Amino acid sequence: MNRKHDMVGRVLKISQEAAVSPVLESGMARRNIGIAAHIDAGKTTLTERMLLYTGAIHKGGEVHDGTTLTDSRQDERDRGITIESAVVSCDWVDRNTSRPVRLSIIDTPGHVDFTAEVERSLRVLDGMVAVFCGVAGVQPQSETVWRQADRYGVPRVAFINKMDRIGADFESAVESIERELSAKTAVVYLPMGSEQDLSGYIDVLRKVAILQQGVEGRELHEVELPPEWLPVLEQHHTRLIDTLADLDEILAERVIEEREIREVDLREALRRQCQLGRVVPVAGGSAYRYRGVQSLLDMIVEYLPAPEECVSVRAYPKHSETPVDLMTKVEAPFCALAYKICRDPQKGKVVFVRVYAGQVRKGDRCVQMRTGSTERIGRLLRVQSNRWEEIDQAAAGDIIGIAGLKSLSTGDTLCAPDLDLVLEAPHFPEPVLSMAVEPVSRSDQDKLSRALAMLAEEDPTFVVRSDAETGETLISGMGELHLQVLCNLCRDIHQVELHAGKPQIAYRESIRSRARARFKLDKQSGGPGQYAVVEVEVSPNDRGTGFSFENRISGGAIPREFFSSCEKGAQAAMQNGVLKDYPVVDVHVVLLDGDHHVVDSNDRAFQLAAERAVKEALRQAEPQLLEPVMKLELSLPSEVQGAIIQDLNRRRARVEALLAEGHLARITARAPLVELFGYAEAIRSLSKGKAAFSMSPDAYELVSRVA
């Protein structure tokens, strides 16, 4: 179904007197969260520290050493970046109820080339931790992931990381969130000090200071707040009350009636408004130096929603555009969304799914809604980065892997046989960069095709196609790094060595004027010969209308049975032009006159004669070279608009529309494809990563300069 992508519908159940940490019937509360941020903001290190404090690992790894749990791939360790999102689980005790909470955490990439990993992760998560650098504040990719969270209606908390760095400024970072992202913030845990003086954090709601001491900051000591911090605390406490009172009716009523504002009142108000996406609780610290991570874990448990609090999600009957609410209860019929596919050497194809309703067990049968085929559930897997643990069953709210599903693709819905609903699939951007690839050894061509098909199945932003004109295999992705990583996977995982380079431009030829030509074919070879005379006229067609043929023969100069032969010959002449052998387009050919012989004229003779006559006419009709022109659609901050337009002019682009939407500008332009090689990297540099663009083939136009 072709449905316009929109924010995923969520219906939250937020009781006015709800407990801070709802508990499942099984006794274990849950949170499904993602860690997202700009590249090098410290997401992976933060995830590693969370796993350490929760006891999921016993020694914290480091990104620069290549020892972190979530960066399990060798290319991630070599580059020091996250390329593929990784799922890990751990338990943290809710300090208000003293009950454990199961955290399913997805560590996502920060590089813009791998933004699809963030996109599909946020589609299935209930909450997000947005990580910001204490020095730089909001960075380009911070805005991108924030908009992605907005698209899916994901509540979030913020962690101001790297407060131990020189130049770190917590207040400035919080202000940048409010200014750049138009978000309302509520500082819950204030870092005590910065740079080398970072020693712990202040609980703004409880008005106490917590010092972190001992190995890895595990010893938490509640101490009296130093006098110099009292004004700062009171300022944030007052601001917290004012912010929540403006949003929350229950708290506003207490303020108006001048009743006492208790700590529990603030917590409940903050939880309600955070889950509605109206306010962002904030904590600060340094993951690298083991500061403030425990406070973030407390904040996740206290303020982000549990899966069961989203009592329904939007779904569509298979043959309808009208959405309905899917009840997300364990007792409901089974329904799950496949959001990612990977391959494991032992498990084979593994499909990551988010179970939204019901339960599933090994051996159950369900319907794959895209094709209507029935699938049998193979092994159910609980994922811990690159490690798997087989489980007996999963229920609503779980994120698991399923082995043994053959026909499932990213975005597919799995349903119980008696349920006819389709869940909203993740939204993926179109690829923006292409290159040609070929195997080093010709004998590896089939092997390369299979490897590329597998990679395309796993990565929705990776597209493989064959250019019918150049014969090249073209791969398309989100940037040069993206394509480079995928080429490395072909080599390292699929054992296919390949050459990669830029694809050739598929130019075209056409004509400017009208011209006539006559060709006589007269071949005698001792037997039946070949005789045909053809006179044609060529003229330009309107751009984009292609080839057309008209017959004006009268008086029997050419017998009727050879008319189609003449048209075939004219079409053959269009395959290779007279300038540089590129295909000829937008030409009208008129068959005017000719001659024949009762014995030597035949179909082949008239085809050859017509082809030669058209070729000669093309040479006389002022042939011209055409180039492919792409339609560009750009979204960018207004402050970089001038630099982007200047660069477009340099690339022979024509700006056709410019629309201002708040602090964003939207530009529609057309530019020659040859000028757009490397454009993804160029626009990223010019806009500091803040601009997004897509391009699609539009038309062929006269070349003004050949690259």
Side-chain angles (χ1 to χ4, degrees), residues 5-10 12 33-38 41 108 110 112 115 118-119 122 125 127-161 169-188 235-236 238-249 251-252 269-284 299 303-305 427 429 634-641 644 658-667 687-692:
H5 180 81
D6 198 0
M7 181 184 292
V8 173
R10 299 166 183 265
L12 289 172
I33 63 167
I35 313 292
H38 186 85
T108 65
V112 67
T115 188
V118 185
E119 190 80 30
L122 288 176
L125 292 171
M128 182 182 92
V129 177
V131 185
F132 301 91
C133 174
V135 178
V138 174
Q139 296 171 279
Q141 190 67 2
S142 308
E143 294 189 45
T144 301
V145 299
W146 198 269
R147 289 196 295 267
Q148 289 171 309
D150 284 341
R151 180 182 297 122
Y152 296 112
V154 179
R156 66 217 77 162
V157 298
F159 184 71
I160 310 299
N161 194 25
D169 189 330
F170 181 79
E171 301 291 348
S172 177
V174 173
E175 288 174 7
S176 72
I177 295 174
E178 296 191 337
R179 181 181 64 254
E180 303 293 337
L181 305 177
S182 301
K184 287 187 178 294
T185 61
V187 174
V188 180
Q235 179 185 2
H236 281 287
T238 301
R239 186 185 302 169
L240 177 66
I241 294 174
D242 292 343
T243 299
L244 293 176
D246 288 341
L247 300 171
D248 192 85
E249 293 182 2
L251 186 65
L270 185 54
R271 179 176 175 79
R272 286 191 293 267
Q273 299 310 314
C274 175
Q275 292 192 6
L276 291 171
R278 296 173 179 172
V279 70
V280 180
V282 181
M299 201 162 64
Y303 303 118
L304 291 179
H427 167 76
L634 305 95
S635 176
L636 47 106
S638 301
E639 64 265 21
V640 301
Q641 175 182 315
I644 297 295
L658 175 59
L659 179 65
E661 297 180 355
H663 68 287
L664 289 177
R666 299 194 182 276
I667 298 174
S687 68
K688 298 180 181 178
K690 295 184 178 181

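Atoms considered below: every heavy atom in the structure, side chains included; atoms not considered: hydrogens, waters and symmetry mates. What you see is a predicted model; the values in this text were computed from it and never measured.
The closest side-chain heavy-atom distance from Q641 to L658 is below 4.5 Å. Taking 4.5 Å as the limit, every side-chain heavy atom of Y152 sits out of range of all side-chain heavy atoms of L125. Residues C274 and L304 are in side-chain contact: their nearest non-hydrogen atoms beyond the backbone lie under 4.5 Å apart.
In this structure a side-chain-to-backbone donor-acceptor pair under 3.5 Å is missing from S142 to A37.
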Full working for side-chain contact (heavy atoms from CB on, under 4.5 Å) between V138 and L181: CA-CA 8 Å; V138 174; L181 305 177; 4.1 Å; yes
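A salt bridge links D150 with R156: at least one charged nitrogen is closer than 4.0 Å to a carboxylate oxygen.
Rounded to the nearest 0.5 angstrom, R151 CZ and W146 CH2 are separated by 15.0 Å. The line from CG of L247 to CG of D242 is 11.0 Å long, rounded to the nearest 0.5 Å. Atom CG of L251 sits about 7.5 Å away from atom CD1 of I241, to the nearest 0.5 Å. The structure places NE2 of H427 at 6.0 Å from CD of E119, a figure rounded to the nearest 0.5 Å. For the atom pair OG1 of T185 and CD of E178, the computed distance is 3.5 Å after rounding to the nearest 0.5 Å. The CD atom of E180 sits 10.5 Å away from atom CZ of F132, with the distance rounded to the nearest 0.5 Å.
Nearest approach of V154 to L122, heavy atoms of both residues: CG2-O, 3.6 Å. The heavy-atom pair separating T108 from I35 by the smallest distance is OG1-O, 2.7 Å. Here the shortest heavy-atom pairing between N161 and A41 reads ND2-O, 3.0 Å. Closest heavy-atom contact between P155 and Q275: CG-O, 3.4 Å. Residue G134 comes nearest to I160 through the heavy atom pair CA-CG2, 3.7 Å, listed as atom of the first residue, atom of the second, then distance. In plain terms, the two heavy atoms of C133 and A173 that are nearest each other are O-CB, 4.3 Å.
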